2 protein chains.
Amino acid sequence: MFDKLDPLLHSELRLAVMSILMGAEEADFVYLRQQTGSTAGNLSVQLDKLSEAGYITVEKGFQGKKPRTTCRITDSGRTAFGNYVDALRSYIGK
Amino acid sequence: MFDKLDPLLHSELRLAVMSILMGAEEADFVYLRQQTGSTAGNLSVQLDKLSEAGYITVEKGFQGKKPRTTCRITDSGRTAFGNYVDALRSYIGK
DNA sequence: ATATTTGGTTTATAAAATAAACTGGTTTAT
DNA sequence: ATAAACCAGTTTATTTTATAAACCAAATAT
């Protein structure tokens, strides 16, 4: 009756991050922090989880002298997001 | 940018229960347990939370000699569910 | 020179979800 | 009649998760 909701995506912050990355080729830590309004600590932890799951890639580099962490969604992440949205529909209709 | 997701509804089991009650006038404990596939303990706890929040009413009675717990969604619960669905759309589009 | 800001990570705490164990009563089998 | 199994839940304990607080290194500003 109800599809299982991927616990990795069923989290407000992780879902927001994935939502941004679904429509953005790439996004850096600072941008994600601004858009989601999260704390740096929380974002750091959740990015790790998404990365561990293979849903995103996290690339650390420098922009001039400042560190810059760039995130991108993977194919597997895209698929998982799509499946999550489909599963949600079994709960909220449409 | 992203709407806040009501934490009471952003839970797989509670959302499933609310989803059932949105389309069913009433549903008893046993039915909810069957439809959601949850354990009795988990269901009991989550029904309490929904009830505490005023999203559902829980009525205990008997059907012959067997106890029977009947749940119904409240107006406030309906509204909250609607708001939750709207908020979700800010994450999943559409 | 030292204080502050930037861009994070790590660790600790609070809250949630879930499962395991228990209760009160009923039905079924012996 | 008594014990065993079962039903409908509740309570308590355990695990997982989310979140915040504290910390760190480097760069910039005062």
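Quantities reported herein were computed from a predicted structural model and do not represent experimental measurements. First the proteins, then the strands, lettered A, B, ... as listed; each starts at 1.
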Please report the interatomic distance [atom1]([X]) to [atom2]([Y]), rounded to the nearest 0.5 Å.
X	Y	atom1	atom2	result
A:D6	A:L88	CG	CG	10.5 Å
A:D28	A:C71	CG	SG	8.0 Å
B:I20	B:L15	CD1	CG	10.0 Å
A:Y91	B:L9	OH	CG	13.0 Å

Rounded distance in Å - [atom1] ([X]) to [atom2] ([N]):
X	N	atom1	atom2	answer
A:D48	C:dT10	CG	P	8 Å
A:L32	C:dT9	CG	P	12 Å
B:Q63	C:dG25	CD	P	19 Å
B:D6	C:dA16	CG	C1'	14 Å
B:L43	D:dT10	CG	P	9 Å
B:R33	C:dT18	CZ	C1'	13 Å
B:L15	C:dA16	CG	P	16 Å
B:L47	D:dG9	CG	C1'	10 Å

Complement of D:dT15, any strand, by Watson-Crick or G-U distances under 3.5 angstrom: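 In the structure as shown, D:dT15 has C:dA16 as its Watson-Crick or wobble partner.
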
Who does C:dA29 pair with, Watson-Crick or G-U, both distances under 3.5 Å?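 Here C:dA29 is engaged in a pair, and the nucleotide opposite it is D:dT2.
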
Does A:S38 reach a base, just sugar-phosphate, or nothing at all? Heavy atoms under 4.0 Å.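 A:S38: no heavy atom of the nucleic acid under 4.0 Å.
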
So what does B:R68 touch, heavy atoms closer than 4.0 Å: a base, only the sugar-phosphate, or nothing?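 Since only primed, P, OP1 and OP2 atoms lie under 4.0 Å of B:R68, the category is sugar-phosphate.
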
Is the phosphate of C:dG8, meaning OP1 or OP2, less than 4.0 Å from a side-chain N or O of A:S44?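 No, no such contact exists.
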
What pair of heavy atoms forms the shortest contact from B:S90 to A:S19, and how long is it?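 Result for this residue pair: O-OG, 4.3 Å.
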
How would you summarise protein contacts on nucleotides 17-30 of chain D per nucleotide, using B for base, S for sugar-phosphate only and - for none, with heavy-atom distances below 4.0 Å? SSBSB-----SS--

B:R72 and B:E59 ion-paired at < 4.0 Å: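 Yes, B:R72 and B:E59 are salt-bridged.
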
Does a sphere of radius 6.0 Å around CD in A:E26 hold more than 12 heavy atoms from other residues, nucleotides or ligands, not counting ones at 6.0 Å or beyond?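 Yes.
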
With a sphere of 6.0 Å drawn around NZ of B:K66, does it hold more than 12 non-hydrogen atoms of other residues, nucleotides or ligands?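 Counting neighbours around NZ of B:K66, 12 or fewer heavy atoms of other residues, nucleotides or ligands fall under 6.0 Å, so no.
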
What class does the angle between the rings of A:H10 and A:Y84 fall in, given that below 30° is parallel, 30 to 60° is tilted and above 60° is perpendicular?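 Tilted.
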
Could you list by number each residue of residues 21-31 of chain B showing a heavy-atom separation from DNA chain D of less than 4.0 Å, or answer none if no residue does?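 When residues 21-31 of chain B is checked for heavy atoms under 4.0 Å from DNA chain D, the hits, listed by number, are B:F29, B:V30.
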
